[in-house]
2 protein chains.
Amino acid sequence: MKLKSFDHMNCSLAQTLDVIGERWTLLILRDAFFGTKRFEQFQKNLDIARNILTARLNRLVDEGILAKRPIDGGRFEYVLTDKGLDLQPVLLAMTHWGDKYKPNAKGKRLVFVERATGKPIAPMAVHATDGRVLKPRDIKAKPGPGLRS
Amino acid sequence: MKLKSFDHMNCSLAQTLDVIGERWTLLILRDAFFGTKRFEQFQKNLDIARNILTARLNRLVDEGILAKRPIDGGRFEYVLTDKGLDLQPVLLAMTHWGDKYKPNAKGKRLVFVERATGKPIAPMAVHATDGRVLKPRDIKAKPGPGLRS
DNA sequence: GACAACAAGTTGCATGATGCAACTACTCGA
DNA sequence: TCGAGTAGTTGCATCATGCAACTTGTTGTC
């Protein structure tokens, strides 16, 4: 029986999951952020099944998250688009949660820093528009115009 | 054949995905943030298969993300723990990406506001420690002490 | 032109995940 | 005792995942 799609849900989270929720997708995107571009390199770094990698890359290209560019010799490279780059907060939020709750005994596995200053970035958090960090109990959800349909 | 686990990967993103990457998990957590607590309510709101809901709730309880509390009449409620609340940046980052790239023609489906002021929260973004918003090209990953193993 | 290596898939199949509908067991109120 | 509500459990069908082998195209060397 078919997987139940989330596509019908009028929910931005569900819409996002429909695109990036398949197994391996976020790990492929992680590697794309690290600079991986070639099919074979993704396959080796991740130790992923070739048919699954093909399917995921095609889906990401179809969704405009990666661009598939031909290079010499009938080869291709897969490069993040702006739409793909905008997933960075998602990846970093998950990474920071994993750092805190699934830590390595020796410390952080990766430190993300600002190129210009070398200083670590701030932990991913929810902010007020004036920059203050907000806690979950400080936040509430209100229906927007897009909720009525 | 067995799914390939991500648990062996020395990567915080992979560790997080191993916990919350299964189908429906983030949607269950979304509803928990909205105040859903009871099995039957999750089941109806999400239209999820009962066996899958059971399995996901049990996993979330095992991971300490939800707490299962008995209430009167042999019933239970499932409540977010601090560990679960700390997933809010993940959910909001995905929601904001969905708002931008999978928009509803009528506008945002939900608006998240600060309780005290009623003002919308800032879009989820990566920040420097001084509060400046950083772009992906401003950020780089460096190996941390936990990467050697 | 033949061959080998590399790259990027594709194919057929086995196994586990998902989802359905029906079912079970417990609690409570009438 | 019965019915409704709650929280699962069960058996099964279908699809997702993953494996290993395979195909096709390109390039460089001989």
Side-chain angles (χ1 to χ4, degrees), chain A residues 1-9 14 17-32 35-63 65-79, chain B residues 1-9 14 17-32 35-63 65-79:
Chain A
M1 116 175 16
K2 261 184 189 299
L3 283 186
K4 239 170 175 168
S5 174
F6 303 149
D7 190 66
H8 63 286
M9 292 183 192
L17 283 171
D18 213 61
V19 174
I20 61 166
E22 285 178 307
R23 195 172 174 74
W24 292 104
T25 299
L26 287 172
L27 291 177
I28 289 165
L29 290 172
R30 177 201 72 188
D31 281 12
T36 303
K37 296 179 177 177
R38 305 288 294 275
F39 182 99
E40 220 61 36
Q41 206 184 350
F42 281 110
Q43 198 280 315
K44 282 182 184 131
N45 287 352
L46 290 166
D47 195 25
I48 183 176
R50 308 182 68 87
N51 55 324
I52 298 299
L53 180 56
T54 301
R56 299 294 178 265
L57 288 173
N58 283 341
R59 179 74 196 277
L60 288 167
V61 170
D62 285 347
E63 290 287 340
I65 289 168
L66 289 176
K68 183 178 183 183
R69 293 185 184 151
I71 55 179
D72 274 355
R75 279 100 166 107
F76 299 95
E77 57 182 22
Y78 293 89
V79 181
Chain B
M1 122 174 9
K2 264 183 185 300
L3 285 187
K4 237 170 180 169
S5 175
F6 302 148
D7 191 64
H8 64 286
M9 291 184 191
L17 282 171
D18 212 62
V19 174
I20 62 167
E22 284 178 308
R23 194 171 175 73
W24 291 104
T25 298
L26 287 173
L27 291 176
I28 290 164
L29 289 172
R30 176 202 72 188
D31 281 13
T36 303
K37 295 182 177 177
R38 305 289 295 274
F39 182 100
E40 218 63 36
Q41 207 184 349
F42 281 112
Q43 199 282 313
K44 283 181 184 131
N45 288 351
L46 291 166
D47 195 24
I48 183 175
R50 308 181 70 87
N51 56 323
I52 298 297
L53 179 57
T54 302
R56 297 296 177 265
L57 288 173
N58 284 340
R59 179 76 198 276
L60 287 167
V61 170
D62 285 347
E63 289 287 342
I65 289 167
L66 289 176
K68 182 178 185 184
R69 292 183 184 153
I71 55 179
D72 276 353
R75 282 111 165 98
F76 299 96
E77 55 182 24
Y78 292 90
V79 181

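First the proteins, then the strands, lettered A, B, ... as listed; each starts at 1.
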Near DNA chain C, under 4.0 Å by heavy atom, which residues of residues 40-49 of chain A? A:Glu40
Quick one: CG on B:Leu46 to CE on A:Met9, what's the gap to the nearest 0.5 Å? 6.0 Å
Without placing hydrogens or testing angles, list every side-chain donor-acceptor pair under 3.5 Å for residues 66-74 of chain A, not counting sequence neighbours.
none

When rounded to whole Å, the CD to C1' distance for the pair A:Glu22 and D:dT17 reads 11 Å
Are B:Ile28 and B:Phe42 close enough that some pair of their side-chain heavy atoms sits under 4.5 Å apart? yes
Counting only side-chain N and O atoms of B:Lys37, is one of them less than 4.0 Å from OP1 or OP2 of D:dT6? no
Once side-chain hydrogen bond (donor to acceptor under 3.5 Å, both in side chains) is applied, do any residues pair with B:Asn58, and if so which ones, sequence neighbours excluded? none
Nearest-angstrom distance from the residue atom CG of B:Leu3 to P of D:dC15: 18 Å
So which one's nearest nucleotide on DNA chain C is more toward 5', B:Asn51 or A:Tyr78? A:Tyr78
Gap between atoms CZ and C1', on B:Phe6 and D:dG18 respectively (whole Å): 12 Å
Rounded to whole angstroms, how far apart are CZ on A:Phe76 and C1' on D:dT24? 12 Å
With rounding to the nearest 0.5 angstrom, report the CZ to CG distance, A:Arg59 to A:Leu57. 13.0 Å
Min side-chain heavy-atom separation B:Arg30-B:Leu26 under 4.5 Å: no
Check nucleotides 25-30 of chain D for protein N or O atoms closer than 3.5 Å to its own N or O atoms and list the pairs.
from: D:dT27; atom 1: OP1; to: A:Gly73; atom 2: N; distance (Å): 3.4

Flag side-chain contact, heavy atom, 4.5 Å: B:Phe39 against B:Thr54: yes
Quick one: are A:Leu53 and A:Arg50 in side-chain contact, heavy atoms under 4.5 Å? no
Starting at atom CG of B:Leu53, determine the distance to atom C1' of D:dT9, rounded to an integer number of angstrom. 13 Å
Whole-Å distance separating the CZ atom of A:Phe39 from the P atom of D:dT24: 17 Å
To the nearest 0.5 Å, tell me how far A:Asn45 CG sits from A:Arg38 CZ. 13.0 Å
Sort out for me which residue in B:Asp31, B:Leu27, B:Thr25 forms a side chain to side chain contact (heavy atoms under 4.5 Å, CB included) with B:Leu29. B:Thr25
Test ring-ring contact (aromatic ring centres under 6.0 Å, His included) applied to B:Phe6 - qualifying residues, sequence neighbours left out: A:Trp24
Start and end of chain B contact along DNA chain C [non-hydrogen atoms, under 4.0 Å]: C:dT15 to C:dC28
Atom-to-atom span, CH2 of A:Trp24 to C1' of D:dT17 - whole angstrom: 10 Å
